[in-house]
Amino acid sequence: MSKGLTKRSEDYSAWYNELVKKADLAEHSPIKGCMIIKPYGYSIWEKMQAELDRMFKATGHSNAYFPIFIPKSYLSKEAKHVEGFAKECAVVTHYRLKNAEDGSGVIVDPDAKLDEELIVRPTSETVIWNTYKSWIQSYRDLPILLNQWANVVRWEMRTRLFLRTTEFLWQEGHTAHATRQEAIQETEQMLDVYADFAERCMALPVIKGIKTPNERFAGAEETYCIEALMQDGKALQAGTSHFLGQNFAQAFDVKFATKEGGLEYVWGTSWGVSTRLMGALIMAHSDDNGLVLPPKLAPIQVVIVPIYRTDEELERVSQKVQEIKKDLEALNISVKYDDRDTYKPGFKFADWELKGVPVRLALGARDLENNSIEVVRRDIERGEEGAKQIVSIDEVAGMVPALLDEIQTNIYQKALQYRRDNITTANSYEDFKRILDEKGGFVSAHWDGTPETEDKIKEETKATIRCIPLGNELEDGTCIYSGKPSTQRVLFARAY
RNA sequence: CGGGGUGUAGCGUAGCUCGGUUAUCGCGCCACGUUUGGGACGUGGAGGUCGCAGGUUCGAAUCCUGCCACCCCGACCA
């Protein structure tokens, strides 16, 4: 491992790529656009999964699993859906290989062509609604509240580790309801779940909003989203929740008998977050020394580094460390004792800093004499006031839970302050462009509500409407681009 | 798919214009010793189809042709 990261101020994108690799989160695979998620990175994802899964269950959902392959004909049943995804689908055409006649290796066996080609799922609405058709006959079969943890494939042209990969991991919730109202409530409820998760666990402040028709999910009637702001001033869509209306029910002919004896189409929702959240987590908090993880998602919350010269000293230090470790574990804190004798303390400090461990304890022979221990918090940058403190060994375990809470709160507050400072109001197209170029972040501006204006602005500035914030205040104004009347401001940004 | 760029050890690179013995350097790796409170040092060592395939030549990392891969910029996107 080479020393140091590119500084964020020098090249943000290089900083991100280096950090992902050096912190052992993920690396490129031999397949273009696909990634290998390494154990340390995957364990963060597992912590996200565990909490989200708990929250889904707490809101009445169950997990299920649907196939990775979707018959080609299914995808085309919902017109907008196929239009949205057709351009990025991987297709399975054959089911067998054979040795080439000329001995040059294996080739696709032309005799093994599939009658109907299969799509590798880019999302599962179609196969799931096809199934719901057989599961739903009566209002008594509703609602159906399912989630699945899965991988999906979207053949993107340009990829970046975690942020946009050809294959990615996610969860997709798919629910079916008897009424429009209930489906909308579900959509909004899951958006709240996502926002709560982002803010409480990831320490990532998000704006809840509604997408414009241009940015809406292919096949949805309304797309809700949570939008976050990264440290380079670009926005990132962190999660989406879709009100599908009756679109998929109509496409797959899913009807139910009402209590009153009528026959109606079922109302649907779908919602998802992906490994992209890893990208958000990295870009929201980390600094030039490496990853900064919120304690609630850190695979290792406390690392202990021993400092010693002789085996005898190591023995004495280790004994004390084991006691502290036991005390911390009794408080449900995950602790790593880094007693590798192949690295020096300085290296370990830098290494765990790079990996974002929230709290580091260092214990040496000198400490044993003074009954003291060094406590270092990762959320305050190395060398700055408050990053390091010396406390009594007897008190250290007891103070860690509060310290972890404080770190969690602190990084959330820092991110929140940054976002507050980077939502800027623009009242003219000139201001709008200047803010985007000089400052970045969200720009709050009036828009005439037409896709044409949105497209033009995107074309000229690369900024898109991230969302119309929920609970947005109505305010009369004029569109910054067309000068036509507008009733509210929307949030624009350049985005990932 | 358009425009630009790069392929040399695990990683980062020098050499290429103007062909010439054993392909340079740093990091990392291995061994031994000294070290250990912020990324240790010394000595020794291992590691290469110079992206691939042809061609020119006594001789190719270097020149020529073709191909491939990756990166950046655009069109597309969770």
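Below, read A as the first sequence line, B as the second, and so on, with proteins coming before strands; counting in each chain starts at 1.
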Inter- and intrachain pairs under salt bridge (charged side-chain N to carboxylate O under 4.0 Å, His left out), touching residues 202-213 of chain A, at least two apart: A:D192-A:K208, A:K211-A:E227

For A:E395, salt bridge (Lys or Arg N to Asp or Glu O under 4.0 Å) partners two or more places apart: none

Heavy atoms of other groups near A:E312 CD, more than 12 under 6.0 Å: yes

Sugar-phosphate only, base, or nothing, as touched by A:L236 at under 4.0 Å among non-hydrogen atoms: nothing

Test side chain to side chain donor-acceptor pair (under 3.5 Å) applied to A:Y224 - qualifying residues, sequence neighbours left out: A:E188

Sugar-phosphate, base or nothing in reach of A:T240, heavy atoms under 4.0 Å: nothing

Parallel, tilted or perpendicular, as decided by the 30° and 60° cut-offs, for the rings of A:F168 and A:W170: perpendicular

Sugar-phosphate, base or nothing in reach of A:F217, heavy atoms under 4.0 Å: nothing

Identify the pairs formed between an N or O of the protein and an N or O of nucleotides 35-38 of chain B at a distance under 3.5 Å, and give each distance.
unit_1	atom_1	unit_2	atom_2	d
B:rU36	OP1	A:R309	NH1	3.1
B:rU36	OP2	A:R309	NH1	3.3
B:rU36	O2'	A:Y308	O	3.1
B:rU36	O4	A:R309	O	3.4
B:rG37	O6	A:R366	N	3.0
B:rG37	O6	A:D367	N	3.1
B:rG37	O6	A:D367	OD2	3.4
B:rG37	N1	A:D367	OD2	2.4
B:rG37	N2	A:D367	OD2	3.1
B:rG38	N7	A:K388	NZ	3.1
B:rG38	O6	A:R360	NH1	3.4
B:rG38	O6	A:R360	NH2	2.6
B:rG38	N1	A:E353	OE2	2.9
B:rG38	N2	A:E353	OE1	2.7
B:rG38	N2	A:E353	OE2	3.2
B:rG38	N2	A:R382	NE	2.9
B:rG38	N2	A:R382	NH2	2.9

Value in whole Å for how far the P atom of B:rC76 lies from CZ of A:R160: 19 Å

Sugar-phosphate only, base, or nothing, as touched by A:Q237 at under 4.0 Å among non-hydrogen atoms: sugar-phosphate

Sugar-phosphate only, base, or nothing, as touched by A:T165 at under 4.0 Å among non-hydrogen atoms: base

Donor-acceptor pair between A:E83 and A:H81 side chains, under 3.5 angstrom: no

All salt bridge (Lys or Arg N to Asp or Glu O under 4.0 Å) counterparts of A:K320, not counting sequence neighbours: A:E323

Atom-pair distance (CG on A:N289; C1' on B:rG39), nearest Å: 11 Å

Strand RNA chain B in bracket notation, Watson-Crick/G-U under 3.5 Å with | for pairs to another chain: (((((((..(((.......[....))).((((((.....)))))).....(((((..]....))))))))))))....

